[in-house]
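Indexing begins at 1, ligand by ligand and atom by atom, following the structure's order. Just so you know, these numbers use all the heavy atoms, side chains as well, and skip hydrogens, waters and symmetry mates.
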Amino acid sequence: MKEVLVTGGLGFIGSETVVTLIEHGYHPVIVDDCSNAKEAVLERIETITGFKPSFYKIDIRDHQKLHEVFKEHSFFAVLHFAGFKAVGESVQKPLEYYENNLGGALSLLRLMKEFMVKNLIFSSSATVYGNPTELPLLETMERKEATNPYGETKIMIERISEDYVKANPEWNVILLRYFNPIGAHPSSLLGEDPQGIPNNLLPYVSQVAIGKRDHLTVFGNDYDTPDGTCIRDYLHVLDLAEGHVAALKKIEEKPGLEIYNLGTGHGSSVLEIIRAYEEATGLKIPYEIGPRRAGDVPVCYAGVEKAKKELHWEAKRSLKDACLDAYNFQKRNPDGIK
Ligand code: UD1
């Protein structure tokens with residue numbers, strides 16, 4: 001079994017990917033500092049898969065401790081999910097974001113170099129495209145300046161990876177640009193578990209659905225879109241997890257540096273999401289129209305041909321399934337994972 005290091009492996013996307021990796025015969029080793037994830041996720045992974053991955057509760061910037069992990073295992077590749085991810089918070093706490101996200105990536109790369117682990121898959125984001133001037137967004141398009149420190153760290157880690165592969169051509173790095181991951185594991189054991197008030201749309205809608213919050217505020221309905229609300233490319237988190245397995249297979253071909261969008265190629269407006277959620281669950285989601293949120297782009301969806309052709313991957317699950325899985329997870333874990 002191939003051992004892979006998964007940083008941030010207890011988080012929303014990391015944990016779903018760990019499950020998928022196990023199901024595909026990989027042997028994931030998790031490193032997570034639990035700054036935004038619960039240790040209980042580990043048992044839930046075991047309940048789903050029957051396998052308990054090795055887990056180290058450490059901050060990846062702690063060189064000595066991470067060194068021990070590299071010494072104890074023989075990694076085929078690293079999947080790097082760990083990082084702070086709240087856009088608004090990153091504007092308030094830029095130093096923390098640069099220190100954590102860049103410091104973490106650099107510490108990891110240094111150890112990968114020392115231990116000659118030459119394969120990396122990095123969680124990047126559609127945010128690197130900035131405000132789209134052309135759609136769909138293609139991997140060949142230029143990166144724009146980010147509107148916030150969180151996005152800036154994604155851009156910088158992409159650049160660092162590119163420079164590193166240029167200097168070390170025997171390395172392979174795949175940058176996966178995620179669009180909007182939603183949904184949960186169909187077992188309702190794993191899902192998005194935000195602390196405090198959710199920033200993202202689906203967790204907020206789910207909290208309204210179970211009566212934890214009384215209504216959703218739609219951030220603006222005066223955009224230049226058919227119903228005036230913003231359009232995003234929402235994909236099921238399990239499809240996204242499978243995208244990582246496809247990228248791991250690709251990395252065996254020693255591709256050097258490659259970039260892939262992971263999305264559905266299809267955009268949905270905020271009002272369409274509310275409707276899909278209502279249809280999936282049979283519930284009414286009360287909402288109000290509020291002002292625009294700073295930094296939101298009107299429309300964003302992925303070009304998916306490259307991933308289809310080269311990774312033999314495409315998102316398969318429906319929006320309705322994603323909404324139902326998100327709802328079931330929220331219902332079963334009204335106060336998050338404990
Ligand atoms: C956001 C980040 C993106 C990051 C991603 C990580 C911004 C500008 N972008 O994406 O960089 O990679 O999260 O998960 O923050 N909405 C509402 N009401 C709400 C919440 C959201 O109407 O209470 C709307 C937003 O205006 C947006 C859509 O829902 O149009 C999706 O929002 P969200 O889930 O926060 O994702 P993004 O903004 O696309």
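- Near G295, meaning under 4.0 Å from one of its heavy atoms, ligand 1 places the atoms 8 (C).
- Ring to ring, F75 and H73 are close: their centroids are under 6.0 angstrom apart.
- Counting only non-hydrogen atoms, the option in I197, N180, L201 that gets closest to atom 21 (C) of ligand 1 is L201.
- Ionic pairing of R143 and E162 is present here: one or more N-O contacts between side-chain nitrogen and carboxylate oxygen are shorter than 4.0 angstrom.
- Between F219 and ligand 1, an N or O atom pair is found at a separation short of 3.5 Å.
- Which parts of ligand 1 touch V218 is read off a 4.0 Å heavy-atom cut-off, strictly below it: atoms 22 (O).
- For the pair K2 and E252, the salt-bridge criterion is met [side-chain N within less than 4.0 Å of a carboxylate O].
- For the atom pair CZ of R232 and NE2 of H266, the computed distance is 14.0 Å after rounding to the nearest 0.5 Å.
- Those atoms of ligand 1 with a heavy atom of C230 less than 4.0 angstrom away are 30 (O).
- Salt-bridge formation is not detected for the pair E170/K254: no Lys NZ or Arg NE/NH1/NH2 atom is positioned less than 4.0 Å from an Asp or Glu carboxylate oxygen.
- Considering CD1 of I285 and CD1 of I274, their distance stands at 8.0 Å, rounded to 0.5 Å.
- With ligand atoms numbered from 1 in the order given, ligand 1 contributes 8 (C), 25 (C), 26 (O), 38 (O) to contacts under 4.0 Å with heavy atoms of D296.
- Only the backbone of T217 comes within 4.0 Å of ligand 1, judged by heavy-atom distances.
- When ring centroids are compared, F84 and Y97 come within the 6.0 Å threshold.
- Using a 4.0 Å cut-off between heavy atoms, Y234 contacts ligand 1 through its side chain alone, with no backbone atom that close.
- Y178 has its ring centre less than 6.0 Å from the ring centre of H244.
- Heavy-atom proximity to T127, at under 4.0 Å, picks out these atoms of ligand 1: 11 (O).
- Nearest protein heavy-atom contact of atom 38 (O) of ligand 1 is R293 NH2, 2.8 Å.
- Here Y150 has side-chain heavy atoms under 4.0 Å from ligand 1, and that is the only part of it that gets that close.
- Contacts of T229 with ligand 1, taken as heavy-atom pairs under 4.0 Å, are absent altogether.
- For atom 39 (O) of ligand 1, the closest non-hydrogen atom on the protein side is R232 NE, 2.6 Å.
- Of the protein's non-hydrogen atoms, the one nearest atom 15 (O) of ligand 1 is V87 CG2, 3.3 Å.
- Within the set N200, T225, V91, the minimum heavy-atom distance to atom 1 (C) of ligand 1 is found for N200.
- Residue F179 is not grouped with residue F122 when hydrophobic side chains (ILVMFWY) are merged at heavy-atom distances under 4.5 angstrom, including chains of intermediate members.
- When heavy-atom distances to ligand 1 are checked against a 4.0 Å cut-off, V270 comes that close only through its side chain, counted from C-beta outward.
- Atoms of ligand 1 lying under 4.0 Å from any heavy atom of N199, numbered from 1 in the order shown and given with element: 20 (C), 35 (O).
- Considering both main-chain and side-chain atoms, Y204 never comes within under 3.5 Å of ligand 1 through any nitrogen or oxygen pair.
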